[in-house]
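Below is one structure, written out as structure tokens; the observations come after it.
Order of the sequence lines sets the chain letters (A, B, ...), proteins ahead of strands, with each chain counted from 1.
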2 protein chains.
Amino acid sequence: MRELELIGRLREALGAGGAGHARVLRWIGDDAAVVRGFGCAVTSIDTVIDGVHFHADGLSGEEIGARAMGCALSDLAAMAARPGEAYVALALAPGTTLEYALALIAGARGLAEGCGATIAGGDVSSSPVLAVTVTVVGWARDPGELVSRDGARPGDLVAVTGTLGGAGAGLALLEGRAPAGAVRADTRLRLRERHARPTPRLAAGLALGELGASAMIDLSDGLATDARHLARASGATIEIDLEALPLDEGVAEVARALGDDPAAFAATAGEDFELCACVPAAARPVVEAGWEAALARAGAPPGAGPPLTWIGHVAEGGAGELVLRGAAGPLSGYEHAL
Amino acid sequence: MRELELIGRLREALGAGGAGHARVLRWIGDDAAVVRGFGCAVTSIDTVIDGVHFHADGLSGEEIGARAMGCALSDLAAMAARPGEAYVALALAPGTTLEYALALIAGARGLAEGCGATIAGGDVSSSPVLAVTVTVVGWARDPGELVSRDGARPGDLVAVTGTLGGAGAGLALLEGRAPAGAVRADTRLRLRERHARPTPRLAAGLALGELGASAMIDLSDGLATDARHLARASGATIEIDLEALPLDEGVAEVARALGDDPAAFAATAGEDFELCACVPAAARPVVEAGWEAALARAGAPPGAGPPLTWIGHVAEGGAGELVLRGAAGPLSGYEHAL
């Protein structure tokens, strides 16, 4: 298939999605997309590559597209930005079929639209290896609405959305490192979904921003690494109680099958794409009382928003340290080796 | 080298470039960059991959970075947008040294800054193959300032900036397909530069927009393909006189050494990143008289702007056809096979 033919089909596959979005003035088919500006633009770029960030033989094309989009949109959630547009560059390996390329796009589009984002542009090229790069743009009326990494202050409490360890457990099961029998079949499927189709916590990010979060990050590399980013950026010491971590169902069983401490596994396995936020201690009652309503205002369907769990605090003194209390052994940050 | 260490060094290498730019409120180091919005945003994403879009063994890291940035910014030139921010995702092959990664960034940064653009964010990952994805964002006060592909009308004249065939000739010499002796040593070096370090025609794009261009595209795949995009998008017939094409110095010699007709080579070799614009015939005197002044208003240093050459017109009748007159033989569009 020739590139131009594929681009034509890609355009068809994206259909009126872009043109239907009021802010998008010009869309795929010109040299660039044109979008009406507003307040401030919040932009992030992320590449995922077969064999590095995922394994194409364990996921469907649709899941790979959804996963790339979900990882990228998670960065907007972490800033408390409203999702706007996405730009998708597909690098397709030799022998890629039209059907597979369309599945990648369908996955990315489906996840984006479910989050209120529109794919407004893209690029397709041949490549020795499958890679998907997604640039996402969110918008805020005012930069003061956004939450950065560097605002954590002594006395703040630390919260995390949803549950941890599920994506890592799903990956361990998918790769056969953990035996399939470690968990029930329905749990196995759910954990696989957490790996294959991450849910960016966009409504939760907006809700945390509205309720006064002082600093926030999304958990891509795992709490042990990402909370350290918060601590370093803020010049503060963050103490986390590992026993307080909300483990996803089945994570304890998978971690033990791998010979790991469940909480340590949940803090290091990465890719849960939950949010870790710091909140002034005085705001805790307001956050707890207002959580469901703030989620609803941010667009989450009733009952669909994630729970919030208090897992630690920002301590006096120190500068940029992360302390994990209750660890079975020393925990080192999970970092991708280059 | 670990990813986090590399990201730290990358951040250092980018220095205060981002933070120093007034529009950029938050920059590399958070989950996303924050940029003050304005009028409308013009956005394009482009991936270049070793072995597909370039050959890393024939170019320096600095040139690869510059080339990726130049190709991306060229899309903003084609829209008549003012360059704003760039976001760079590096996928680095095994064994990449810090020095090489920094050279890639330096090349991208140098080219961006020379064009008035700022690298405001990025991503680094390991990869089986070197790839650079650049998302560029330009801004316009009003969408009416921009020039799209679909505005060509019968009676318009067709112009091209600068000279054609140079990048293709440079690549043929670099790859040894054309003998080094086909051109003088200084010409060979200049042609190599046209391949290695494309110059996005940002000032020329703004000037053409101001002077009333009805449609515009940048020449990435070659005039024979890109002018057809203009014709198709506009539903018009474009006729181009191949004998009128402004060939780069040395192109005729290289084309003949390859056994090609020089004009046909210049129309198909691609990657010159010049602009092809349609202009109402009545505006020709205004464009010719006002070209240098409009370039200067768009920020081009005196005498540095490219010349403009009239190469054809938009004919009555037909729908979406490109006619190349004076071709030595039939010309088919240059399309990347997937």
Side-chain angles (χ1 to χ4, degrees), chain A residues 1-4 6 25-26 29-47 49 51-53 75-76 78-79 81 85 87-89 91-92 96 120-123 125-129 131 133 135 137-140 143 146 148-150 217-218 233 335-338, chain B residues 1-4 6 25-26 29-47 49 51-53 75-76 78-79 81 85 87-89 91-92 96 120-129 131 133 135 137-139 143 146 148-150 217-218 233 335-338:
Chain A
M1 186 174 35
R2 281 161 171 266
E3 185 177 345
L4 291 182
L6 184 62
L25 306 176
R26 285 203 161 257
D30 218 308
D31 291 294
V34 181
V35 174
R36 212 172 281 282
F38 170 77
C40 56
V42 182
T43 306
S44 179
I45 185 167
D46 272 292
T47 300
I49 303 172
V52 180
H53 305 92
D75 283 321
L76 297 186
M79 299 291 290
E85 298 74 46
Y87 304 88
V88 180
L92 301 176
T96 299
D123 180 50
S125 54
S126 53
S127 166
V129 61
T133 302
T135 297
V137 183
W139 300 87
L146 300 170
S148 60
R149 292 183 179 180
D150 59 5
I217 194 168
D218 66 317
E335 299 175 8
H336 292 102
L338 200 65
Chain B
M1 187 174 34
R2 282 163 169 263
E3 186 177 346
L4 291 182
L6 184 62
L25 305 176
R26 285 203 162 257
D30 219 308
D31 291 294
V34 182
V35 174
R36 211 172 282 283
F38 169 77
C40 55
V42 182
T43 307
S44 179
I45 185 167
D46 273 293
T47 300
I49 303 173
V52 180
H53 305 92
D75 283 320
L76 297 186
M79 299 291 289
E85 298 74 47
Y87 303 88
V88 180
L92 301 176
T96 299
D123 180 51
V124 179
S125 55
S126 53
S127 166
V129 61
T133 302
T135 297
V137 183
W139 299 87
L146 300 171
S148 60
R149 292 182 179 180
D150 59 5
I217 194 168
D218 67 318
E335 297 176 8
H336 292 102
L338 199 63

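Contact annotation for A/Ala41: both backbone and side-chain heavy atoms come within less than 4.5 Å of a heavy atom of chain B. Residue B/Ala233: no heavy atom, backbone or side chain, is found under 4.5 Å from chain A.
In terms of heavy-atom proximity, A/Cys40 sits nearest to B/Arg36 at CB-CA, 4.0 Å. Scanning all heavy atoms of the two residues, the minimum distance from A/Gly37 to B/Trp139 falls at CA-CZ3, 4.5 Å.
Here the side chains of A/Val88 and B/Ile45 are not in contact, with every heavy-atom distance at 4.5 Å or above. Side-chain atoms of A/Pro128 and B/Val52, non-hydrogen and from C-beta on, do get closer than 4.5 Å to each other.
Considering only residues two or more places apart in sequence or on other chains, A/Thr43 meets the side-chain hydrogen bond (donor to acceptor under 3.5 Å, both in side chains) condition with none of them.
Ranked by heavy-atom pairs under 4.5 Å with chain A, the first of B/Ala131, B/Gly122, B/Ala91, B/Ala32 is B/Ala32.
Once rounded to the nearest 0.5 Å, the distance linking OG of A/Ser126 with CD1 of B/Ile49 reads 7.0 Å. Atom-to-atom distance recorded for B/Asp31:CG and A/Leu76:CG is 9.5 Å, nearest 0.5 angstrom. Atom OG1 of B/Thr133 is separated from atom CG of A/Asp123 by 7.5 Å, given to the nearest 0.5 angstrom.
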